[in-house]
Amino acid sequence: MQNINFNFPAPVVDSSVEALRLEVRGFLADERRKGTFQPGPDCWCAGIDTEFTRKLGQKGWIGVTWPKEYGGRELTALHRYVITEELLVAGAPVHAHWIADRQSGPLILQSGTQAMKEGILPRIAAGTCYFALGLSEPGAGSDLAAVKTRAVPTEGGWRITGTKLWSSGAQVCEYMTVLARTSKVDEKHRHAGLTQFLVRLDAPGVTVRGIRDMSGVEHFNETNFDNVFVPEDAVLGAVGDGWKQITGELAMERSGPERFLSTFVALERAFSRMAAARENTHQQAVLGRLAARIRALRSMSLGVATLLQNGESPDVEAAIVKDIGTRFEQEIIEKLREFWPIMMAQGQGDELQHLLSESLLRQPSFTLRGGTNEILKGIIARGLGLR
Ligand SMILES: Cc1cc2nc3c(=O)[nH]c(=O)nc-3n(C[C@H](O)[C@H](O)[C@H](O)COP(=O)(O)OP(=O)(O)OC[C@H]3O[C@@H](n4cnc5c(N)ncnc54)[C@H](O)[C@@H]3O)c2cc1C
């Protein structure tokens, strides 16, 4: 067996990071007092409120690590971390800008044209331009190399035809980054011949259709591309580089606090309830263990943010955080159900029971989206030299 090789360094947190945390926390408390939003579980995926996102843009809390010339503030990955953590802990409706802030903006910074950087990044940072991810398809999820969406060269650009599935939030997005096949499948090199395109979702030939999930919400979509024309400069990076780009985005996509805090709002309410009751020692022990595990996961997630800040690509560390973190955020609900039975009928139960029932309906997705846990274990095993 090769050397076990992963690393979660402790972050160096300066006073400006903590000052930013307090500022975000104060803003969120004010917004709650004003009744701007109701805290909800899975808010980074389920909570779309473009007005709220615009407010965050006005505060300068989107795209904070990007260059100032493109609307950013040139802050560190740790500054971004504390903003996202505070938003998740508050259960704020942040889905509209989440994907663009987390990965589409950085992708444009790395592989986009100058016109994309100047025209799109400042609008993402202002909270007015949103992105969807066009990776999965019917028949291509874990095995992304099986994508069938094709882009064929035409005069002045490309014609895209195919169907993307489960594209979160596409109904409010201006753009989708679409992974398409640009040359025939070579069975020996299945990951070759894939290219990412920037596609406007209002282009002729694009249809976005909502898919209702079991919580009753149309959060993700099926998006059809019927011979959609995109200009030459819609290619992100170089033709054929799609696979390399996607794998490069994975550490950003998989390691953030959204991978263990999706049900934190329910846990936090449970703690308040327990503190008020001050009696049940079994309950205290169970909640205490959950709190200890959050602390450990948080240290690991901060370790990945530190590695990203240092310019590294911590794919294995990110897969470990997502595997443990997503199972943990599901387990929170199972543990809390021991003490607070879930009321599924609308309008029944108190706030905690409402949060628990919402979480229960959303939790199956935690270990699927962004790469299933079986796939993550394969990545971790490879990183450890076990396969
Ligand atoms: C809430 C939500 C939001 C999403 N948002 C987006 C989005 O915005 N954009 C987007 O492109 N996609 C999105 N997805 C899709 C997501 O990335 C896929 O669901 C995921 O990659 C799994 O693909 P699949 O659903 O096709 O399942 P499959 O790949 O068919 O997997 C089915 C089962 O087989 C297992 N399996 C598959 N291959 C292997 C293997 N080699 N070894 C062991 N087990 C295996 C899987 O672990 C899983 O349990 C979203 C999904 C959800 C649930």
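Only a predicted model underlies this, so the values are computations on that prediction, with no experimental measurement involved. Whatever order the structure lists them in is the order used to number ligands and atoms, beginning at 1. Heavy atoms only: backbone and side chains are in, while hydrogens, waters and symmetry mates are out.
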Take atom CZ in Arg289; do more than 12 heavy atoms of anything else shown fall under 6.0 Å from it?
no
Could you check whether any side-chain N or O of His95 sits under 3.5 Å from a backbone N or O of Trp44, counting only pairs where one atom can act as donor and the other as acceptor?
yes
Checking Thr177, Leu107, Asp101 against Phe131 for side-chain contact (heavy atoms from CB on, under 4.5 Å), the one that qualifies is Thr177
What is the minimum heavy-atom distance between Asn221 and Gln171, and which atoms define it?
ND2-OE1, 2.8 Å
Residue pair Glu334 / Gln330, side-chain donor-acceptor N/O under 3.5 Å:
no
For Arg200 versus Asp202, what's the shortest heavy-atom pair and its separation?
NE-OD1, 3.0 Å
Can you list every pair where an N/O of ligand 1 is under 3.5 Å from an N/O on the protein?
residue  : atom   : partner : partner atom : Å
ligand 1 : 5 (N)  : Trp166  : O            : 2.9
ligand 1 : 5 (N)  : Ser168  : OG           : 2.8
ligand 1 : 8 (O)  : Trp166  : O            : 3.3
ligand 1 : 8 (O)  : Ser168  : N            : 2.9
ligand 1 : 8 (O)  : Ser168  : OG           : 3.3
ligand 1 : 9 (N)  : Leu133  : O            : 2.9
ligand 1 : 11 (O) : Leu133  : O            : 3.4
ligand 1 : 11 (O) : Leu135  : N            : 3.0
ligand 1 : 11 (O) : Ser136  : N            : 2.7
ligand 1 : 11 (O) : Ser136  : OG           : 3.3
ligand 1 : 12 (N) : Ser136  : OG           : 2.8
ligand 1 : 23 (O) : Ser142  : N            : 3.4
ligand 1 : 29 (O) : Ser142  : N            : 2.9
ligand 1 : 29 (O) : Ser142  : OG           : 2.6
ligand 1 : 47 (O) : Thr372  : OG1          : 2.6
ligand 1 : 47 (O) : Glu374  : OE1          : 2.6

